[in-house]
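So that the names make sense, note that chain A is the first sequence line, chain B the second, and so on, each numbered from 1. Values below: every heavy atom of this structure, side chains too, minus hydrogens, waters and symmetry copies.
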Amino acid sequence: MVLMVYNTLGRKKEKFVPLRDGEVRMYVCGPTVYDYVHIGNARAFVVADVVRRYLEYKGFKVKLVSNVTDIDDKTIRRANETGVSVQQLSEFFTEAYLEDMAKLNLKRPDVMPRATKHVPEMIEAVETLVEKGYAYQVDGDVYFDVSKFKGYGKLSGNRTEALQMGARIEVDPRKRNPADFVLWKSWKPGEPGWYSPWGKGRPGWHIECSTMAVKYLGETFDIHMGGKDLIFPHHENEIAQAEAATGKPFARYWLHNEWLTVEGDKMSKSLGNFVTVRDALKMCQPEVLRFFLISAHYRSPIDFNKENLRVAEGNLRRLLNAFERLEGLPERKVRCGDEEKLVSEVREAKQRFKEAMDDDFNTPAAISAAFSVAKAINSYVESNAEVESSAKQEVAETFRRFLDVFGVQLKPAEHGVDQAGLVKELVDLIVDLRQEMRERRDWKTADRIRDELRKLGITIEDTAEGTRWKIRRPN
RNA sequence: GCCGGGAUGGCCGAGUGGCUUAGGCAAGCGGCUGCAGACCGCUGUACGAGGGUUCAACUCCCUCUCCCGGCUCCA
């Protein structure tokens, strides 16, 4: 099956064919580490992670590069405000970022270049642009001359003449064209600086990304991702810099995710509704947050609120319950009609899952396919107390791989199957005793045991096939 | 001003020129059950408005209304 992706460059769905057979090279604009990452950032990173996981599911070898911007206006400002060095600040928040991403179960990028470690390359890139006549120097600053790059605007659809430059911010009169952007900024007191042919200074934001992308992925690579706000000017400028310098196409497919709103509003400082990943994780488990983030298509807006989080939690639980239920089923050798039905339903769901993901990573539709698997399992369990091994394996494997693409991990220790051995035996004993009381119709004691165990995080469920129990995931 | 995205049942959220009123939540009914939970079966309620194209449009075209975003650091 063919993977179709919506390419911002061209604004339509296209067949995805990587440059090198079987191999995908992608770049995701990472965070500027001046504060904790917020859930909007998280959406972009989770989306990229799902894209990466699905490409891997399809058998591609993926090389993912995601930068850390550790030097720019914001890090400098924040460092000065808080009285620490830029380096201390960025190291602190880089660490926090990595922790948050690990909680959200993101696979580590293959390379996570930091801007400050690549200044010589950036200087070189700027020099090339100056030599080729795409950039000019004014005092200690270097600007990119957008009028020299004829493709300028091809990503965003903005035409430079139409941009209302200066509408909200004053245009530097030294620029030749109001749309020109800075490649190198001259040093000012209190700022970190590097020596360059134009004097002491630091790189502009846009040149950081394009330089590191080219360094680790080559002059032309497959996918470049980020939030839609990056389309202009950041990605537009990256294209201009990279293509002007190399004369070759930069990224081939540009994917941009929509906004996340909080209670209907865009997150903004003025509204005071910034929700960091850390704040969100006080409200729910990390896998719930992650599942919520992929419950809408990445190009649709999604609203962060309690209700949506609650629904996401219930839905995820439903999926995991079914999986655990299947896992807990004793195996047998013979296969019957119910297994045939189960397996064929699951194969159908797998087909739907692939079609959904192949259609521009349609996660909500893929989740719907996962629900079919859950339903098929539950329905099977309704009338069977055991399952033939190979059928069980096929179903479990299919389901596991779905959940793996979503990045919602299953932790086998939580089935209560063996935790520490002792715990299992103890709970089994209590459950057995409770069973005796139930047979004696001592409901009061039986219920008390169930309630007390629940307080300890152990859930008991009585079914026709006997009593099941599991340990609730600790917070 | 210039660019762009939306409007689907009580809520969230896919999708297609007829085979979809996906899927989930919530609601109702029934089953399982000592009770609870989990689960199973069934039921209801849609495609912002107006035109047009068509045998047939929620799906294509046009107009309108309303919402949201980019053009400035922003995921």
Answer yes or no for A:R299 and A:Y6: cation-pi contact, defined as NZ/CZ to six-membered ring centre under 6.0 Å and angle to ring axis within 45°.
-> yes
Nearest to the side chain of A:K228 - B:rC73, B:rA38, B:rG69?
-> B:rG69
A:I367 near the nucleic acid: base, sugar-phosphate alone, or nothing, with a heavy-atom cut-off under 4.0 Å?
-> nothing
Looking at every strand, decide which applies to A:E307 at a 4.0 Å heavy-atom threshold: base, sugar-phosphate, or nothing.
-> nothing
May I have the step-by-step check of salt bridge (charged side-chain N to carboxylate O under 4.0 Å, His left out) for A:D404 and A:R401, ending in yes or no?
-> CA-CA 5 Å; A:D404 189 55; A:R401 293 189 68 200; over 6 Å; no
Ring centroid separation for A:Y57 and A:Y54, is it under 6.0 angstrom?
-> yes
Which of B:rG5, B:rG70, B:rC40 is nearest the side chain of A:N378? It is B:rC40
Look at the side chain of A:E461 and decide which nucleotide, out of B:rG34, B:rC39, B:rG37, has an atom nearest to it.
-> B:rG37
Using a heavy-atom cut-off of under 4.0 Å over every strand shown, decide if A:D72 touches base, sugar-phosphate, or nothing.
-> nothing
Of A:S368 and A:T32, the one whose nearest nucleotide on RNA chain B sits closer to the 5' end is A:S368
Distance between the P atoms of B:rG9 and B:rC58, in whole angstroms?
-> 15 Å
Check ion pair A:D447-A:R450 (N to O, under 4.0 angstrom) | yes
Per the under-4.0 Å heavy-atom filter, residues of residues 36-43 of chain A near RNA chain B come out as A:H38, A:G40, A:N41
Given B:rC71, B:rC25, B:rG4, the nucleotide with the shortest approach to the side chain of A:R318 = B:rC25
Would you mind checking if A:E99 and A:R278 are paired as a salt bridge, meaning a charged N to carboxylate O distance below 4.0 Å?
-> yes
Evaluate whether the aromatic ring of A:W443 and the six-membered ring of the B:rG34 base sit under 5.5 Å apart, centre to centre, with an inclination under 30°.
-> yes
Ion pair A:E307/A:R310, N-O distance below 4.0 Å = yes
Whole Å only: how far is the NZ atom of A:K13 from the C1' atom of B:rA14?
-> 11 Å
Rounding to the closest angstrom, what is the interatomic distance between B:rC68 and B:rG31 at atom C1'?
-> 46 Å
A:K350 atom NZ: more than 12 heavy-atom contacts under 6.0 Å | no
Between C1' of B:rU16 and CG of A:N362, the distance in whole Å | 13 Å
Could you state the interatomic distance from CZ (A:R202) to CE (A:M122), rounded to the nearest 0.5 Å?
-> 12.0 Å
NA contact type, A:N257, heavy-atom cut-off 4.0 Å: base, sugar-phosphate, or nothing?
-> base
What about A:R299: does its side chain form a donor-acceptor pair under 3.5 Å with the base of B:rG5?
-> no
Salt-bridge present (A:R448, A:D442; N to O < 4.0 Å) = no
Expressed as a whole number of Å, how far does the C1' atom of B:rC29 sit from that of B:rU16?
-> 32 Å
Sugar-phosphate, base or nothing in reach of A:S156, heavy atoms under 4.0 Å | sugar-phosphate
For A:D462, answer base if it contacts any base atom (sugar-phosphate contacts may also be present), sugar-phosphate if it contacts only those atoms, and nothing otherwise; contact means non-hydrogen atoms under 4.0 Å.
-> base
Side chains of A:V86 and A:E191: closer than 4.5 Å at any heavy-atom pair?
-> no
OP1, OP2 of B:rG5 versus side-chain N and O of A:S300: anything below 4.0 Å?
-> no
What about A:R450: does its side chain form a donor-acceptor pair under 3.5 Å with the base of B:rA36?
-> yes
Within the structure, does a side-chain N or O atom of A:K266 lie under 4.0 Å from either OP1 or OP2 of B:rG70?
-> yes
A:R352 has a side chain; which of B:rA22, B:rG70, B:rC25 sits nearest to it?
-> B:rA22
Is there a donor on the side chain of A:N315 or the base of B:rG13 sitting less than 3.5 Å from an acceptor on the other?
-> no
Integer angstrom distance from the P of B:rC12 to that of B:rG48 | 14 Å
With the side chain defined as heavy atoms from C-beta on, A:R11 is closest, among B:rC39, B:rG69, B:rG4, to B:rG4
Where the side chain of A:E382 is concerned, which of B:rC39, B:rG69, B:rA14 is the nearest nucleotide?
-> B:rC39
Per the 3.5 Å Watson-Crick/G-U criterion and a run length of at least three, the stems involving RNA chain B are B:1-7 with B:65-71, B:10-12 with B:23-25, B:27-31 with B:39-43, B:48-52 with B:60-64
